[in-house]
Amino acid sequence: MGEGPHTEPADSGRWQRIWAQVRRIPEGRVATYGQIAELAGVPRGARQVGYALHRAPPDVPWQRVINARGEVSQRSADGAGADQLQRQLLEEEGVEFDLAGRVDLAVWRWRPRRPAAR
DNA sequence: TTTATGGCTGTCA
DNA sequence: ATGACAGCCATAA
């Protein structure tokens, strides 16, 4: 059947997959952008995860995703302030930050038993 | 179509 | 440890 991939709805499933993985992160735990990207089947898609989170629906715990340094990523102009909120939300969940404002990934990183669910 | 822009990351000085 | 750079790849204009 002559079908050309010009506007595939299946493609938008990428964000859906990313959101699905973020939703799996338990309260009081964190994951990195790169980690979510891999779990969602988008290797090297760390930036895409950030982009998807920016447009995430309200039921996605975006605050549980931080960068590989264990730090809350700073937003550009538009989302300024969200980084402070993110830290606050995480602290309310019990996640601890050190004096440098970083989370010890060895302790707080979420480790799914399975690579990816669904 | 091409260009610019990101809630990133790994490597090197 | 920190800072600069180059890859990465999808979305938006």
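Below, chain A is the first sequence line, B the second, and so on; all start at residue 1.
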Take atom CZ of A:Arg69 and atom P of C:dA1, then tell me their distance rounded to the nearest Å.
11 Å

What's the gap between B:dG7 and C:dG7 when it is taken at their P atoms, as a whole Å value?
22 Å

Got A:Pro61 and A:Arg29 here, is their nearest side-chain heavy-atom distance under 4.5 Å?
no

Assign A:Gly34 to base, sugar-phosphate, or nothing according to its heavy-atom contacts below 4.0 angstrom with the strands shown.
sugar-phosphate

Rounded to whole Å, CG of A:Leu53 lies from P of C:dA10 at a distance of 16 Å

In this structure, how many angstroms lie between the C1' atom of C:dA12 and the CZ atom of A:Arg47, rounded?
15 Å

Nearest-Å distance for atom pair NE2/P, residues A:His54 and B:dC8:
12 Å

Compare the minimum distances between each of B:dC8, B:dG7, B:dT9 and the side chain of A:Thr32, then state the nucleotide with the smallest one.
B:dT9

Hydrophobic cluster membership, A:Leu89 vs A:Val72, 4.5 Å side-chain cutoff:
no

Closest of B:dG7, C:dA1, B:dG6 to the A:Arg102 side chain is C:dA1

Quickly work out the A:Asn67 CG to B:dG6 P distance and round it to whole Å.
17 Å

Under 4.0 angstrom between A:Arg64 side-chain N/O and B:dG7 OP1 or OP2
no

If you assign A:Arg55 and A:Arg44 each to the DNA chain C nucleotide with the nearest heavy atom, which residue ends up on the more 5' nucleotide?
A:Arg44

Which part of the nucleic acid, if any, lies within reach of A:Val65 when heavy atoms closer than 4.0 Å are counted: base, sugar-phosphate only, or nothing?
base

Rounded to whole Å, please give me the gap between CD in A:Glu71 and P in B:dG10.
15 Å

Judged by nearest nucleotide, the residue sitting upstream toward the 5' end of DNA chain C, A:Tyr51 or A:Pro43, is A:Pro43

If you check the A:Trp62 side chain, which of C:dA10, B:dG7, B:dC8 turns out closest?
B:dG7

A:Tyr33 OH - B:dG6 P separation (whole Å):
14 Å

Pairing partner of B:dT5 (Watson-Crick or G-U wobble, both distances under 3.5 Å):
C:dA10

Please answer: with hydrophobic residues joined when any side-chain heavy atoms are less than 4.5 Å apart, are A:Val60 and A:Val42 in the same cluster?
no

Separation of B:dG7 C1' from A:Leu85 CG (nearest whole Å):
13 Å

For A:Leu53 and A:Ile36, run side-chain contact (heavy atoms from CB on, under 4.5 Å): C-alpha distance rounded to whole Å, both residues' side-chain angles, the deciding distance at 0.1 Å, then the answer.
CA-CA 11 Å; A:Leu53 288 181; A:Ile36 293 301; over 6 Å; no

Ignoring hydrogens and angles, state whether a donor on the side chain of A:Arg87 or A:Gln84 is under 3.5 Å from an acceptor on the partner side chain.
no

